[in-house]
Structures are given as structure tokens and as C-alpha cells.
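Naming: A, B, ... by sequence-line order, numbering from 1 per chain. Small disclaimer: the values here were computed from a predicted structure and weren't measured.
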There are 2 protein chains.
Amino acid sequence: MHDPIKQNAMLTLVGRCEVDYDGRASSYLPPGERLVILKPDGTLLVHRTEQRTPVNWQPPGCTHTAHTEDDQLIIHSTRSTPSEEVTITFETVLQLSILELDDSPDLALEGSEEDLRQRILTEPDILEEGFTPQMTERETAAGAVDIYGKDTDDVPTVVELKRRRVGPDAVSQLHRYVDALDRELPVERSIRGLLVAPSVTDRAERLLAEENLEFVELSPETTTENTTTQVTDFDTD
Amino acid sequence: MHDPIKQNAMLTLVGRCEVDYDGRASSYLPPGERLVILKPDGTLLVHRTEQRTPVNWQPPGCTHTAHTEDDQLIIHSTRSTPSEEVTITFETVLQLSILELDDSPDLALEGSEEDLRQRILTEPDILEEGFTPQMTERETAAGAVDIYGKDTDDVPTVVELKRRRVGPDAVSQLHRYVDALDRELPVERSIRGLLVAPSVTDRAERLLAEENLEFVELSPETTTENTTTQVTDFDTD
DNA sequence: GTCTATATCTCGAAC
DNA sequence: GTTCGAGGTATAGAC
């Protein structure tokens, strides 16, 4: 009656359904037509006609079953830790596909925070003349510091990296690490904190100033030699 | 040649394709079989057989076009601010669906931070005996405070709410607001900071202590009267 | 398992 | 438009 759903295939269902969710939070989605996806890894997605984010979902590793009740197809998905379940009740099924997809290659992504870290470690001078990295992921009571090192005057320096424009949250994070190291290292001179990102918001800049922290403008991508782009008015259509 | 894609319908494509992305970051996904979804609102999703998150995507509001080149179907998606584009090149199409879905009702979600806020505002004593809320979203130089009020001794109190277990980041956030108000309010006695959440990690608890901030255990959901659950060994199968 | 921080985060709301 | 913080965030890495 409660049949486990075919492994090794991706299932898509289109139809009029309602969705119940109960777990970390709980929700009810009244009847409407949606696209439901069941992946072989135990992922469940319920997509509406709008939004990038599914309206309901389950992460990989869930158990899916299907059964019928009162002429309705019911899909049930459960997981534990945290205990969560999604129930989809179809009153109409417009389409059902069973897709056995062959897909192995890896995605190659560029422009991450890791790329920014590598840029600085291979050429520390782009961060600041004379900076010497000493550790990455250096542990403190407040968490791990992205890059820890010394500046040209041997002053201990905490570096926090962000791949994009930073707001107040990133300033807090850096402040927390600098505070923690200030307590841990019994030095007279204070520790420097550098926030490294492509740009910074006004409020974040003010907070940096108030807390004697510094900002360094750097992007994950290697900057092009010619930053000015020539724009001519040739007709290119 | 570059045909705009049918509005008002959701399109799904299954087939062997490669995906190029360039924008805030950039990526290349070598050929493999995937499910591609084009929503009427301009959303693009590329899903593999694993993961809840699409391997590539575009948010709502993008422009999608399709054309063929060398016997290949090419889907192109662009947006501006930020300038981003995704190109999907199909060498094989296994399935194409055009779905005109009728779906209007709203999702009803319970257990959010807003629910926690409402609980405290309607019954402030569950936070602390004698607490009086004065403002929500009170602005400071560091951002808006969830709840601002006074305790039973008229001490200004900043309340930061989290719907789930909190780590060091939430402590930083509260610390930032308390710091900002300490500068803004010219009071002799210091301001109290309360972090309200269902639970707290060890490290976060230590940070709270170091910064003279406090933790209050509260959940978005109303607690059941009987927290102990009777478990008998009757056979319920 | 839990903890910590990142993300092409997404999303909504305020300005 | 930008800014800011929440999210059932998801995801990866470390312990």
C-alpha cells in the first residue's frame, strides 16, 4: 500500500495538489497546480510558477513513499534529525516522468572566497606591502580566522575575507576575532583587523572606523590590467 | 533566430547538455543529463540527480531565449544588476514539456522569528518578569534592533530573536547593537542585551558571558503544557 | 552526530 | 535602485 519509490531514477510529477509540512517549522499550501521532483538521492522539491526557491522541499537522504487513498495520489517524505515530513496530496496528475539520467562530471566554479584566499597567500603584497601570512583557519575562542599573519612592523594581524560587498555582519565577525585574540595574546600593542572584500557599505565603513578596523579592497578574480573599457559608438547591430 | 520563450507557461527540458555561467562568479559544467526548468517569471533552474540546490540557475526576472546552432538547442538566460548570463547547450533533448499551471493560493507558515516576536509582545513576562517592550525594529548605527524595551528596573534592554539554536554570529550581532546604543544613549548605567532562542552552542554561551550578555530560552512555538510525553508499550501496530 | 562559516545564497522589506 | 537581516536557508568542512 505504501510503496517505496523507484531508486536510481528521477521522478517528476505535475498536477493539482496540496502540501503539508511539519518539522523545524510547519506549513500548509492549499490546492494548486505544481511541479514536484523526486531525486534518486532522496531530495524532494515542490515548485510553483514563480520563485527560484521551492515552496516546499526535503533535503537529500529522505525516504519517499507513494500510495493512493480516496482516488488521490499521496506522496510522503520523511527524515529524522531533525524529524520532518512532507505530504503531497494529488487530486489530479497531469504528467508523470521517470527519468534515468546519466550525469557524473564536476562543476568548475571560479570566483569563490577560496580563490581570494589563494590570491593573497601566493602574493601577500596585494593585501598590504610587507604582510606575511602565518596561518589559515587559526583557531580562537570566537572561531577560526581566515588568515592570520604579521604586518611589516610585526604587528599581529587578523584578515577576514569576503567574496562580495560587505555589510555590518562582516565587521562584527572581524571584531569578534580581534577581541578574542586580544584576550588570548598577552601583547601590549593591539592587534590589527583587516576586512578584505570588493567593496563595503557606508554603515559597515562607519562601524569599521569606530572599532579601529581596516578595509582592503580586493576581489576573488584577478583584476584586468585595463580597468577602463573603451566604448565606441560603432553600430554593432 | 533567437526566439523569446513562451511566457505564461512553465517549460521543462530533459537532456544531455553543458552549462556555462558568468556573472558574480563563473562556472562550467561539462556535458551530462539534467532537468532544466524555465518558469514564466524568468526563473531558470538546472537540476542534477543529486542535491536540493540547482547546479546552475537564474533568479526571477531574467530574459530567456532559445535558438539552434550546429544541431544543438541553445538556451540563453540574461539579467542585469548584476550582469549575469547562463548558457545551456543541449546535444540531446529527451523530453520537452510546456506546462500552463494554475496556482494562486498562499503558503501558510508557522514557527518563524515573527511568531516568536508576537509571543513576546503579547506576553512580555515569558521573556522576563517585568519586561516592557517599547519599540520593534528600533534603528541604531549598527542596524535595527528586534525588540527594544526596559526591564523591571528601567534599564534599557536590547532583545535579539532567533528562531533556532544560536552560534557565535548571533552573539556578535547582539553585541554590535548593544555597543551602538551604548554610544548613542548617554546613560551611566550600561545597557542589557538579551539573546532569545530555543538553545545556544557552548562557544556562543562563553562569548555571551565574556561580553556580559544574557541568554533566554524561548521557541517560536507555544510550549505544550505537558512537556513529558507518556510512552507506554502497548502495541499500536 | 554537532558546530562553524560560506553562498552565483534567495527573499522581502525599508529607504 | 541599494541595504540589511531572516531563512524549514543548504552545503561543506572540521571535530
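Residue A:Arg24 places its side chain closer to D:dT9 than to any other of D:dA6, D:dT9, C:dT8. Listed nucleotides: D:dG5, C:dT6, C:dT8. Nearest to the side chain of B:Ala25: C:dT8. Of the candidate nucleotides D:dG8, C:dC9, C:dC11, C:dC9 has the atom lying nearest to any side-chain atom of A:Arg164. For A:Tyr177, the listed nucleotide lying nearest its side chain is C:dA5; candidates were D:dG5, D:dT11, C:dA5. Comparing C:dG1, D:dA6, C:dT8 by their closest approach to the side chain of A:Thr81 singles out C:dG1. Listed nucleotides: C:dC9, D:dG8, D:dG5. Nearest to the side chain of A:Pro168: D:dG5. You'll find that the side chain of B:Arg52 is closest to D:dA10, out of C:dA5, D:dA10, D:dG8. Of all nucleotides listed (D:dT2, C:dC9, D:dG8), D:dT2 comes nearest to the side chain of A:Arg165.
A distance of about 14 Å separates the C1' atoms of D:dA10 and D:dA6, rounded to the whole Å. Remark: the separation of the P atoms in D:dC4 and D:dG8 is 23 Å, to the nearest Å.
Residue side chain B:Glu114 does not reach the base of D:dG7 through any donor-acceptor N/O pair under 3.5 Å, judged by distance alone. Remark: the B:Asp22 side chain and the C:dT8 base include no donor-acceptor N/O pair separated by less than 3.5 Å.
As rounded to whole Å, 9 Å separates atom P of D:dA6 from atom CG of B:Asp169.
Between the side chains of A:Arg165 and A:Ser199, at least one donor N or O sits under 3.5 Å from an acceptor N or O. With no hydrogens or angles considered, a side-chain donor-acceptor pair links B:Arg176 and A:Ser172 at under 3.5 Å. Side-chain polar atoms of B:Thr136 and B:Asp146 form no donor-acceptor pair below 3.5 angstrom.
Heavy-atom nearest nucleotides on DNA chain D were determined for A:Glu84 and for A:Pro60, and the one closer to the 5' end corresponds to A:Glu84.
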Q | B:His175/A:His175 under ring-ring contact (aromatic ring centres under 6.0 Å, His included): CA gap, chis, key distance, verdict | A | CA-CA 10 Å; B:His175 179 77; A:His175 182 239; 5.4 Å; yes

